[in-house]
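Residue indices begin at 1 and follow the sequence shown.
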Amino acid sequence: MEALLSEQHLWNQIKDTLQKTLQEKLLKSVLDTVTLESQALEGKKHFTLKVPSSFHQEILQKHLFFIQTQIKNKEGAFPAVDIQKQTPILSNKILKDPPPFFFKPPHKNYKKITKNSTFYPQWTFSSFIQGSSNSFAYSLAKSIAERPFNNNSNPLFIYGPSGHGKTHLLHAIGNRLEKEKPHLKVLYLPAERFFNDCINHIRKNEMEMFRQKYRKNIQVLLLDDIQILGKGESIQDEFFHTFESLKSAKCQLVLASDQKPKDIKGLKNRIKTRFEGGVIADIQTPDKDTKKAIIKSKALNWQTGLPEEVLSYISHIPTNSIREIEGHLNKVKMFCDLQNKALCLEVVQHLFCKEIPSLPSPLTANSPSFSKNSNFSLVLKEVCAYFHIKASELKSSSRAQHIVYARNIAIYLARKDLNLSLKELGYLFGNRNHSTILHSLKVIEKKKPKITSDLKELRKLIHKKIFPVKNL
């Protein structure tokens, strides 16, 4: 008993050192299940690390030299250390088929969901905006929802950047099946949940229960963020056998990832080939028309509606995902609500001009080429009226101070609000060269109080002429 306590005390010290030195999240759950034992063989002390599974063996093998070094520091001699897998003690109790684990993503309307609902109710096929960037993935997902066991898309593998609608499609499939085929057992599962659940069952020596949980009585499996499997080599063996078991039982599998199967680092080839044996569909960044449709759809519940010029402006904001679009819309709505402002173009420009100073203005969305640009003529006209000078003077070589100042303002507005190139600006302002246009822009970009005031007033006048909107 004393020897056992001594070895356990030694292992606790080594375990603490390992955790502090390596700081790996997974390591703690592995080390907590390990037992250190020793015995004397031929006058020498031999140590054995007892572990519950081959997964633990693999993890500890990577740190075996470190463990041996720690024991040497405590015992004074470099020890022999073996790692042995314990034979699990089987329980006499009968394992019942536990219900599958269903994950409910958090969302603001969770109280409105019925107790039996598994999926986010607003993520349906009707709320998914189709476009050239996602139509193939959408069609395949809808086909599976309508005929889950009568298609050649098994598995269906959907990949694309984060925030582009992959999870939406998985929930749309689940919502449709839950409504039209309630007799089917459908499981939605983030791969991380499978990963963690597998580790927990290994720790508890309950792998038979784990296998029954994920291999029995599931007819449709919707597995999200599958790329995380590449981070756990040992877990992949369990996943592979689960995949094969479900596939042979005619279970419909739909997988989502941010990468193609062949690009997922750490994923074993035999799993990659299984994924590639089905149908692979990608979701790309939405084009401008799809982006506009998404913005309009997200703003449907706004009482004031979304003015066309505001829609056009927001659609020009560079984004990496649909979630960013939602963030921009939430920002606009919150600002209008809290500041009691009318929703108009000037409000949106005020909110985003600092974050995205090079944003193309909607003033040029439908404008012709610069040689026929009516918007440029309007800018020129307003600048001339504001400073009481002629357009010919702006294009002349005059160095009069008031004319140079007005010319610099006009060049700046044409560059920032009409997104004209330096070459175009040089042509329009009297065939000036590249360096002269750059100098004019730098002068105005200093943003002195008078410059800021004049720009603000001129922009109000110009925008009112092109887009009649309410005042702030």
- [ ] Using modelled atom types only, decide if a donor and an acceptor are shared between the side chain of Q236 and the backbone of L229 within a distance under 3.5 Å.
- [x] yes
Task: Note, V220 side chain near C251 side chain (heavy atom, < 4.5 Å) - done: no
Open item on the list: Do L329 and I295 have side chains that approach each other closer than 4.5 Å (heavy atoms only, starting at C-beta)?
Closed with: yes
Open item on the list: Set out, in order, the CA-CA distance, both residues' side-chain angles and the distance that settles ring pair (Phe, Tyr, Trp, His ring centres under 6.0 Å) for F376 and F429, then state yes or no.
Closed with: CA-CA 11 Å; F376 173 75; F429 284 93; 5.6 Å; yes
Task: Side-chain heavy atoms of Q252 within contact of I144, under 4.5 Å - done: yes
Task: For S396 against R407, the heavy-atom pair lying closest together - done: O-NH2, 3.0 Å
Open item on the list: Can you give me the closest heavy-atom contact between P261 and L267, atom names plus distance?
Closed with: O-CD2, 4.2 Å
TODO: Would you please test E192 and D225 for side-chain contact (heavy atoms from CB on, under 4.5 Å) and show each step?
DONE: CA-CA 8 Å; E192 184 181 14; D225 296 321; over 6 Å; no
TODO: Can you measure from CD1 (I158) to NE2 (H164) and round to the nearest 0.5 angstrom?
DONE: 14.0 Å
TODO: Apply side-chain contact (heavy atoms from CB on, under 4.5 Å) to the pair K456 and T452, showing each step before the final yes or no.
DONE: CA-CA 6 Å; K456 184 177 179 181; T452 302; 5.6 Å; no
- [ ] Kindly compute the distance separating CG (L255) from CG (L223), expressed to the nearest 0.5 Å.
- [x] 5.5 Å
Open item on the list: I226 vs F239, test: side-chain contact (heavy atoms from CB on, under 4.5 Å). Steps then yes/no.
Closed with: CA-CA 11 Å; I226 194 70; F239 173 79; 3.9 Å; yes
- [ ] Measure from the side-chain N and O atoms of Q219 to the backbone N and O of K185, and report whether any donor-acceptor pair falls under 3.5 Å.
- [x] yes
TODO: To the nearest 0.5 angstrom, please state how far the CD1 atom of I264 sits from the CD1 atom of I228.
DONE: 11.5 Å
TODO: Would you check if the side chain of T436 reaches a backbone N or O of R432 as a donor-acceptor pair within less than 3.5 Å?
DONE: no
Task: Reported CD-to-OG1 distance for the pair Q130 and T290, which is rounded to 0.5 angstrom - done: 9.5 Å
Open item on the list: Test your reading of the model: is there a side-chain donor-acceptor pair from K166 to the backbone of P161, 3.5 Å cut-off?
Closed with: yes
Open item on the list: Run Y188 and D224 through side-chain hydrogen bond (donor to acceptor under 3.5 Å, both in side chains) and show every step you take.
Closed with: CA-CA 8 Å; Y188 168 82; D224 209 352; 2.7 Å; yes
- [ ] Could you tell me whether Q401 atom CD has more than 12 heavy atoms of other residues or ligands within 6.0 Å of it?
- [x] no
- [ ] May I ask you to decide if the ring planes of F119 and H171 are parallel, tilted or perpendicular, using 30° and 60° as cut-offs?
- [x] perpendicular
- [ ] With the side chain counted from C-beta on, respond yes when L420 and L428 share a heavy-atom pair under 4.5 Å apart, and no when they do not.
- [x] yes
- [ ] Measure across Y412 and L441 and return the closest heavy-atom pair with its distance rounded to 0.1 Å.
- [x] CA-CD2, 3.7 Å
Open item on the list: Please determine whether a side-chain nitrogen of the Lys or Arg among K260 and D282 lies less than 4.0 Å from a carboxylate oxygen of the Asp or Glu.
Closed with: no
Task: E326 with K331: basic N within carboxylate O range, under 4.0 Å - done: no
- [ ] Evaluate the side-chain proximity of S133 to I283: yes if any heavy-atom separation is below 4.5 Å, no if none is.
- [x] no
- [ ] For atom NE2 of H241, decide whether the heavy atoms of other residues, nucleotides or ligands shown that lie under 6.0 angstrom number more than 12.
- [x] yes
Task: Rounded distance [0.5 Å steps], CD1 in I403 versus NZ in K390 - done: 10.5 Å
Open item on the list: Looking at every non-hydrogen atom in both residues, tell me the closest pair between F157 and S257 and how far apart they are.
Closed with: CZ-CB, 3.5 Å
TODO: Using a 4.5 Å cut-off on heavy atoms from C-beta on, say whether the side chain of F243 contacts that of I271.
DONE: no
- [ ] Quick one: sort the W123 and H168 rings into parallel, tilted or perpendicular, breaks at 30° and 60°.
- [x] parallel
TODO: State whether the side chain of N431 and the backbone N or O of G426 hold a donor-acceptor pair below 3.5 Å, judged by distance alone.
DONE: no
- [ ] Evaluate the criterion side-chain contact (heavy atoms from CB on, under 4.5 Å) for residue pair K213 and D197; output intermediate values, then yes/no.
- [x] CA-CA 10 Å; K213 182 177 181 179; D197 210 16; 2.8 Å; yes
- [ ] For D454 and Y386, test the side chains for any donor-to-acceptor distance below 3.5 angstrom and give the result as yes or no.
- [x] yes
Open item on the list: Donor-acceptor pair, distance only, cut-off 3.5 Å: does the side chain of S139 make one with the backbone of S135?
Closed with: yes
TODO: Count the heavy atoms belonging to other residues, nucleotides or ligands that lie under 6.0 Å from NZ of K262, then report whether that count exceeds 12.
DONE: no
Task: cation_pi(R270, F240) dist<6.0 Å, angle<=45 - done: yes
Open item on the list: Whether K268 and D237 form a salt bridge (side-chain N of Lys/Arg under 4.0 Å from carboxylate O of Asp/Glu) is what I want to check.
Closed with: yes
TODO: Verify the ring-centre separation between F194 and F210: is it less than 6.0 angstrom?
DONE: yes
Task: CD1-NZ distance between I444 and K416, expressed to the nearest 0.5 angstrom - done: 11.5 Å
Task: Considering all heavy atoms, the nearest P148-L177 contact - done: CG-CD2, 4.1 Å
Task: Closest approach of N154 to K247 (non-hydrogen atoms, all atoms of both residues) - done: O-CE, 3.2 Å
Task: Any R176 side-chain heavy atom under 4.5 Å of T124 side chain - done: no
Open item on the list: Any non-hydrogen side-chain atom of L425 less than 4.5 Å from a side-chain atom of R415?
Closed with: yes
